[in-house]
Amino acid sequence: MLDIKFVRENPDVIDAACASRQNAHWDREKFFELDAERRSVIAEVESLQAERNAISKQIGLFMREGKKDEAEAAKQQVSANKERIAELDQRRGSVEEKLTALVAAIPNIPDESVPYGVDDSDNPEVRRWGAPTEFDFEPKAHWDLGVDLGIIDFDRGVKLAGTRFYLLGGLGARMERALINFMIDQHNKAGFKEFWPPVITNHDSLFGTGQLPKFEDDLYHVQPDLYLIPTAEVQLTNIHRGEILDVDQLPLLYTAFTPCFREEAGSAGRDTRGIIRVHEFDKVEMVKFSKPEDSMNQLESMVAEAEKILQLLKLPYHVVTLCTGDLGFSAAKCYDIEVWLPSYNNYKEISSCSNCKDFQARRAGIRFKDPAVKGTQLVHTLNGSGLAVGRTMAAILENYQNADGSVTVPEALVPYMGGVEVIRPED
RNA sequence: GGAGGGGUGGCAGAGUGGUCGAAUGCGGCGGUCUCGAAAACCGUUUACCCCUUUUUGGGGUACGAGGGUUCGAAUCCCUCCUCCUCCGCCA
C-alpha cells in the first residue's frame with residue numbers, strides 16, 4: 001500500500017506538483033472521498049474484530065471449563081458479527097484498490113530547486129564542457145560512417161529482428177564491449193559495486209520504480225508477469241525492495257551493465273536514422289540509496305561521475321536541469337547530460353541522472369533504520385546513466401572522424417580496444 | 001519436466017486448533033560488577049494500519065503469498081510463489 005497518509009496530509013503540494021508538470025492530474029475530490037470511506041470502514045471492522053476476539057477468548061475458557069451451553073450461546077453471538085465483518089472486509093478491499101490506483105498515478109513532487117517550465121526548451125544549461133567539434137571537411141553522420149567502416153549493419157539488423165534494430169560487427173562490436181568495460185571499471189574505482197542482474201523483471205519491480213502502471217505501453221511484455229527491463233535502474237533499485245536497511249550501510253552505490261528494451265511506442269518518426277533511438281540498446285547504469293539529507297549531494301556527485309566518462313573520452317557535452325514540465329514521472333530532480341553530435345548539429349541526451357527522493361522507496365518499500373530515531377525512514381533513491389553505450393559510440397564515431405573516413409579511437413579506450421588506435425574501412 | 005521434503009522473529013530453532021506476536025538458545029541494546037574489558041547476573045529486543053493523543057494510551061493485522069473451514073488458524077483444506085534433495089533434459 002502506498003503512503004496514503006502522505007497524500008492526505010499534502011494535497012496542496014500534490015496539486016502544485018501536478019500543475020507544474022505536463023499531463024499530470026489527480027482526482028483530489030475522489031481521493032478524500034475514498035480515504036474517508038476507507039477509514040470509516042476500518043474503524044467499524046476493527047471494532048467488530050476486537051469484539052469477536054474477546055468473545056472467542058471467552059469461548060475458549062468455557063470449553064476448557066466444560067461449560068458447553070455458555071460456549072454455544074457465545075458462538076451465536078459471534079456468528080452475527082461474522083457476516084458483517086466479511087462484508088466490510090470486502091468493501092475495504094475494493095476501496096483500497098481504488099485508492100491505491102489513484103495514488104499510484106500521482107507523479108513525484110519536483111524539488112524546490114527545479115525551475116518551472118513547459119518542455120525541454122525551458123531546460124536551463126548548467127555548464128558546458130569542451131566545445132562543439134569543428135571540421136575542415138564535411139563530416140559524416142555516424143550512420144554513414146558506421147556503414148562505410150563496415151562496423152554497423154542496419155540492413156541485417158532489420159533482417160534479424162526488425163526495424164530499429166542493428167548489428168555491430170568487427171571493431172564496432174569490439175568498441176561496444178570496450179566501452180562497457182571502460183565505464184564499469186571507472187565506476188568501480190569510484191566505489192560503485194558491480195552487479196549483473198536479469199534483464200527480465202516482474203510487475204512488482206516495475207511498479208516499485210514507477211514504470212508501471214502508467215507506462216505499460218513502453219515495455220516489452222513477454223509473459224503474464226514478465227517484462228524486459230527498459231533500464232537497469234529497475235533491477236538495481238529493486239534489489240532492496242521490501243527491505244529495511246541499516247543506516248550505517250548508506251549510501252549504497254551500485255552499477256550494472258545491461259541491455260535495455262523499449263517499445264518506443266509513440267516515437268515513430270523521431271531519430272529514425274542511426275543508433276540513437278532503437279528497441280534494444282546497451283547502457284551502464286548507476287543507482288544510489290541515500291539518507292534523505294544527503295541525497296542532493298549524491299545527485300551532484302552522480303552527475304559528476306557520468307561526466308567523468310565523457311571527459312576521459314574527451315567528448316564535448318553540456319549539462320541541463322530538466323524543468324518541471326520535462327521531468328520524468330519518478331524524479332524529483334533530474335540533470336540530463338547531452339553530448340555533442342555533429343550530425344544533429346546539436347547536443348543529444350546521453351545520460352539522465354535523477355534524484356527520486358523517497359518516491360520509489362515509498363512504492364517499493366525501501367526503508368532504513370537509524371537506532372537513534374524511532375521507527376523506520378524511507379531511503380532516497382537515485383539513478384543515472386553512466387552512460388548510454390550506443391549513443392557514446394555514435395558520439396565517438398562522429399566527433400573522432402577524420403577526413404579520410406577513418407575514426408581515431410579515444411586514447412582512454414585504446415587499451416580496451418586491444419591496442420587499436422584507428423578504425424579504417426575494411427578492405 | 002517427474003518424485004519427495006521444507007518455508008516461523010536479526011540468526012538458529014520449538015510449537016500441529018484457543019490463554020501464541022509466538023518457548024528456548026545465539027546475537028543486538030541498556031544496566032549491575034570492573035581501573036577498563038571479559039565472564040556472570042538482571043532487564044530489553046518486529047513491522048504496518050486505525051482511533052485517541054503533546055507525550056502517553058487503546059485497538060486491528062501479519063508465522064512465504066492469496067483464498068477457504070472454524071466462535072477461534074502458525075497449526076486443518078485449496079491455489080500460487082519459493083528453497084532443498086533425487087531423477088530426466090539442457091547452455
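Each chain gets a letter, A, B and so on, in the order its sequence line appears, and its residues count up from 1.
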Sticking with atom C1', work out how far U75(B) lies from G1(B), rounded to a whole angstrom. 33 Å

Within 6.0 angstrom of Gln90(A) CD, more than 12 heavy atoms from elsewhere: no

Examine Tyr254(A) together with Phe289(A) and report whether their ring centres are nearer than 6.0 Å. yes

With a 4.0 Å cut-off on heavy atoms, is Ser47(A) in touch with a base, just the backbone sugar-phosphate, or nothing at all? nothing

In whole angstrom, give the distance that lies between atom CD of Gln49(A) and atom C1' of C71(B). 14 Å

What integer distance in Å separates Phe62(A):CZ from G18(B):P? 18 Å

A23(B) and U8(B), which share atom name C1', separated by this distance in whole Å: 12 Å

Pick base, sugar-phosphate or nothing for Ile59(A), based on heavy-atom distances below 4.0 Å to the nucleic acid. base

Euclidean distance for P, C77(B) against U82(B) (whole angstrom): 22 Å

As a test of reading the structure: which of G72(B), C49(B), A47(B) is closest to the side chain of Ile42(A), going by heavy atoms? C49(B)

Could you check whether Ala50(A) gets within reach of a base, just the sugar-phosphate, or nothing at all, counting any heavy atom under 4.0 Å? sugar-phosphate

In whole Å, I'd like the distance from the CG atom of Leu245(A) to the C1' atom of G10(B). 14 Å

Checking Asn53(A) against Ser56(A) for the side chain to side chain donor-acceptor pair (under 3.5 Å) test, could you report, in this order, the C-alpha distance in whole Å, the side-chain angles of both residues, the deciding distance, and whether it holds? CA-CA 5 Å; Asn53(A) 291 347; Ser56(A) 286; 5.5 Å; no

Kindly say if Asn53(A) contacts the phosphate of U61(B), meaning a side-chain N or O under 4.0 Å from OP1 or OP2. yes

Does Lys82(A) make a side-chain N or O approach to OP1 or OP2 of C71(B) shorter than 4.0 Å? yes

Taking atom C1' in both A38(B) and U32(B), what distance in whole Å separates the two? 15 Å

Looking at Cys356(A), is its backbone amide N or carbonyl O close enough to the side chain of Asn108(A) to form a donor-acceptor pair, meaning the two atoms are under 3.5 Å apart? yes

In whole Å, measure the gap between the P atoms of U16(B) and G7(B) for me. 14 Å

Dot-bracket for RNA chain B, 5' to 3', counting Watson-Crick or G-U wobble pairs under 3.5 Å, with [ ] for crossing pairs and | for inter-strand pairs? ((((((((.[[[..)..(.....]]]((((((.......))))))((((((.....)))))).[[[[[..)....]]]]])))))))....

Side-chain N or O of Arg52(A) closer than 4.0 Å to phosphate OP1/OP2 of G18(B): no

In whole angstroms, how far is the P atom of C48(B) from the CZ atom of Phe6(A)? 17 Å

Any donor and acceptor pair, going by atom type alone, linking the side chain of Arg363(A) with main-chain N or O of Ala104(A) inside 3.5 Å? yes

P atoms of G25(B) and U34(B), separation to the nearest Å: 27 Å

Counting only side-chain nitrogens and oxygens, does Arg367(A) get under 4.0 Å of the OP1 or OP2 atom of A47(B)? no

Would you say Arg92(A) reaches U61(B)'s phosphate, i.e. side-chain N/O to OP1/OP2 under 4.0 Å? no

What interatomic distance, in whole Å, is found between C1' of A73(B) and the corresponding atom of G21(B)? 14 Å

Closest to side chain of Thr376(A), choosing from A47(B), C71(B), C50(B): A47(B)

Main-chain N/O of Ser205(A) paired to Asn238(A) side chain as donor or acceptor, under 3.5 Å: yes

d(CD1, Ile244(A); P, C48(B)) in whole Å: 6 Å

Do you see a donor-acceptor pair shorter than 3.5 Å between the side chains of His380(A) and Ser295(A)? yes

Over how many whole Å does the gap from Glu46(A) atom CD to U52(B) atom P extend? 12 Å

Over all heavy atoms of both residues, which pair between Pro425(A) and Leu149(A) is shortest? Give the atoms and the distance, please. N-CD2, 3.4 Å

When the C1' atoms of C29(B) and G72(B) are considered, how many whole Å apart are they? 36 Å

Answer yes or no for Arg177(A) and Tyr416(A): cation-pi contact, defined as NZ/CZ to six-membered ring centre under 6.0 Å and angle to ring axis within 45°. no

